[in-house]
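In what follows, a structure is listed as structure tokens, so that the remarks can point back to it.
Below, read A as the first sequence line, B as the second, and so on, with proteins coming before strands; counting in each chain starts at 1. Every value quoted in this text rests on a predicted model; they were computed, and no experiment measured them.
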Amino acid sequence: MAHNKGLLIGISIFLLVILVSFPLLNNQHYMLLSFIIMLASFLPFMIRFSRRKILTRELVVLAILAAIAAVSRVPFSSLPSVQPTTFVIIVAAVTLGPQSGFVIGTLAAMVSNLFLGQGPWTPWQMYAWGMIGLMAGLLGKTWLMQSKLGRCIYGFVVGFLFGWIMNFWFIVGVMQEINWQAILLYYSGSFYFDLAHALSNVFFLFLFSKSWMNIIQRFKVKYGLFPTSDTEAQYSFKKFL
Amino acid sequence: MVRGFKSFHPIVLLVYYIFLIAGLMLYQHPVFLFVAGCFVTLINLLLDGGKQIKKWGLMIFIMCIFSIILTPLFNQRGNQILFYVFNNQVMLEGIIQGVMIAFTLFGIIAIFITFNMVITPEKFLFLFSKWFPQWALLIMLSMRFVPLLRRRLKEIQEVQQLKGVSVKNGNIKQRAKNGMLIIQILLTWSLEESIQTGDSMTARGYGFGKRSKYQPFYMRKRDLVALGYIVCTGLTVLFGWWLGDGVLTLLPILEPVWLQGREWFYLAVWLLFIGFPIWTEGKERLKWRYFRRTT
């Protein structure tokens with residue numbers, strides 16, 4: 001189990017590093033390259049999920065959690081840059097496992113963009129939220145996700161990472177000339193939005209993560225959903241190899 | 001009956017958008033980008049009279065100004081110094097770069113505005129279901145839940161308001177806390193309901209055999225012809241970029257901005273390629289005018 005998890009973490013981190021460094025190294029066509037690499041790091045998970053047979057009940061639960069993550073912006077519309085989408089994704093991923101976390105994150109981005117309008121940011125948002133869910137799920141059994149402090153740290157870090165990934169498409173896509181001054185200026189411009197996102201994640205995770213995890217956990221046990229997802233993932237991974 | 005550009009098969013439209021966005025990213029030349037910007041604006045006007053693009057107008061304008069002013073300040077590689085701002089030299093190359101970034105930005109946003117009009121959610125789902133059927137079903141389910149959850153949310157908010165739990169009053173901490181409580185109620189309610197939805201889907205035979213499509217799209221002869229046209233012109237555009245024709249060389253020596261020789265040919269192909277929706281939409285407009293005049 002540990003082997004499988006380690007490998008998955010390794011692959012996703014490795015690909016993220018390539019995603020960030022490759023465009024900077026290569027001096028000409030960063031946008032296309034980074035886009036292709038992003039898709040390459042992202043599609044295997046999508047394909048793996050679409051190959052997997054899951055129960056109708058589980059499918060509907062995933063869909064409704066993603067819809068809740070997307071809709072949860074609505075009551076907060078009066079509070080600028082406070083939105084619990086990331087919180088919902090993290091909490092669901094911790095209780096339901098990495099694959100479900102990835103699916104919920106990706107789906108939430110996709111669905112909210114279908115209502116708000118697609119843009120060049122759609123794939124990046126899908127990537128960012130999908131990876132947040134995947135990582136939260138992979139770390140699910142560790143100290144980081146089982147303690148409240150750990151969750152808050154994760155939420156804080158992830159709040160900034162999300163903003164940085166979203167800035168990234170603008171930098172590689174639009175600012176053709178990449179130098180550190182411009183990047184720093186651009187990132188400092190978004191600093192307060194990222195900070196607000198990170199702090200609201202911490203706030204929600206601190207107050208509500210325990211009760212939300214209990215609700216989802218109880219529900220998972222009550223209906224026997226996503227049974228032994230770890231062993232099954234391991235099994236399918238071995239078969240895949 | 002949908003006519004014109006929107007009536008083509010989703011795959012044709014998707015291929016057009018992929019080539020167009022790639023072309024805009026790759027052709028970094030002021031003339032090419034300016035002409036592309038004009039054409040994309042024209043497509044917007046033809047599709048909905050420019051209503052959507054006006055909504056985005058201010059944001060596009062600010063972003064363009066931002067990139068035109070800031071790029072020369074940061075990009076100081078070049079040979080032709082124009083003037084100094086706070087001891088920073090401003091290069092002609094930097095300004096040209098800024099203008100190109102602004103055009104690219106405008107072009108991409110304007111294209112995505114038309115993308116949202118042309119590739120409607122059902123076409124989007126059709127494209128998705130071709131390669132990722134399970135994902136398409138998930139997206140469809142989630143999309144169906146969004147309006148339902150919003151109705152439920154409104155109901156919960158009204159009930160909770162009577163108890164004094166509201167996002168409208170109190171300090172920011174209290175409001176955020178109340179908002180989350182409301183979502184938590186939504187969570188417990190919806191999770192229980194979702195099981196019922198899942199069981200009802202099973203009872204109706206979900207998972208037995210292949211699913212049919214709600215709205216079928218068929219490849220007709222005109223779709224194939226259009227696909228051929230788009231792929232041919234699009235590939236020529238990419239070939240032109242590979243030869244280095246649609247790209248303005250800034251370093252080491254600034255190339256003259258005005259086009260020369262073979263570049264005119266690729267400009268023509270580029271225009272033929274982008275102009276595809278203008279031709280298909282404009283034809284319908286002309287026909288409509290003609291028939292109104294004759295009858």
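Contacts between V111(A) and chain B at a heavy-atom distance below 4.5 Å involve the side chain alone, from C-beta outward. Residue contact with chain B, scored on non-hydrogen atoms closer than 4.5 Å, involves the side chain of L65(A) exclusively. In this structure, no portion of M100(B) lies under 4.5 Å from any heavy atom of chain A. Both the backbone and the side chain of F49(A) have a heavy atom closer than 4.5 Å to some heavy atom of chain B. Residue I182(B): no heavy atom, backbone or side chain, is found under 4.5 Å from chain A. Contacts between K173(B) and chain A at a heavy-atom distance below 4.5 Å involve backbone atoms as well as side-chain atoms. Interface remark: F103(B) contributes no atoms to any contact with chain A (heavy atom separation under 4.5 Å). Heavy-atom distances place both the backbone and the side chain of I68(A) under 4.5 Å from chain B. For a residue to count as touching a neighbouring chain, one of its non-hydrogen atoms must lie under 4.5 Å from one of that chain's; by this rule E193(B) does not touch chain A. For chain A, no part of I111(B) is nearby; none of its heavy atoms comes within less than 4.5 Å.
Considering all non-hydrogen atoms of both residues, S112(A) and A70(A) come closest at CB-CB, 4.1 Å. Scanning both residues, F204(A) and A176(B), for their nearest heavy atoms gives CE2-O, 3.8 Å. A pairwise comparison of heavy atoms in K123(B) and V118(B) identifies NZ-O, 2.9 Å as the closest pair.
Most heavy-atom pairs under 4.5 Å with chain B: of the set I216(A), V88(A), V103(A), L207(A), this distinction falls to V103(A). For the set L186(B), D199(B), I119(B), the count of heavy-atom pairs under 4.5 angstrom toward chain A peaks at D199(B). Top candidate by heavy-atom pairs under 4.5 Å with chain A, chosen from E192(B), R175(B), M201(B), is E192(B). The most heavy-atom pairs under 4.5 Å with chain A, out of N178(B), L148(B), L181(B), come from L181(B). When the candidates L187(B), T188(B), T197(B) are compared by the number of heavy-atom contacts under 4.5 Å with chain A, L187(B) comes out ahead. With chain A as the partner, the residue from I113(B), L153(B), L191(B), T202(B) showing the most heavy-atom pairs under 4.5 Å is L191(B).
Taking the six-membered ring for Trp, Y27(B) and W241(B) have ring centres at least 6.0 Å apart.
The shortest side-chain heavy-atom distance between F19(B) and L235(B) falls under the 4.5 Å cut-off.
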#### Entry: side chain to side chain contact (heavy atoms under 4.5 Å, CB included) assessment of I132(A) paired with Y154(A)
CA-CA 9 Å; I132(A) 287 174; Y154(A) 183 76; 4.2 Å; yes

### Task
Could you check F124(B) against F128(B) for ring pair (Phe, Tyr, Trp, His ring centres under 6.0 Å), going step by step and ending with a plain yes or no?
CA-CA 6 Å; F124(B) 191 81; F128(B) 236 82; 5.7 Å; yes

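In this model, no donor atom of one side chain and acceptor atom of the other lie less than 3.5 Å apart for E58(A) and Y223(A).
Within 6.0 Å of atom CD in Q196(B), 12 or fewer heavy atoms from other residues, nucleotides or ligands are found, so the atom counts as exposed in its surroundings. Shown here is K148(A), whose NZ atom has more than 12 heavy atoms of other residues, nucleotides or ligands within 6.0 Å.
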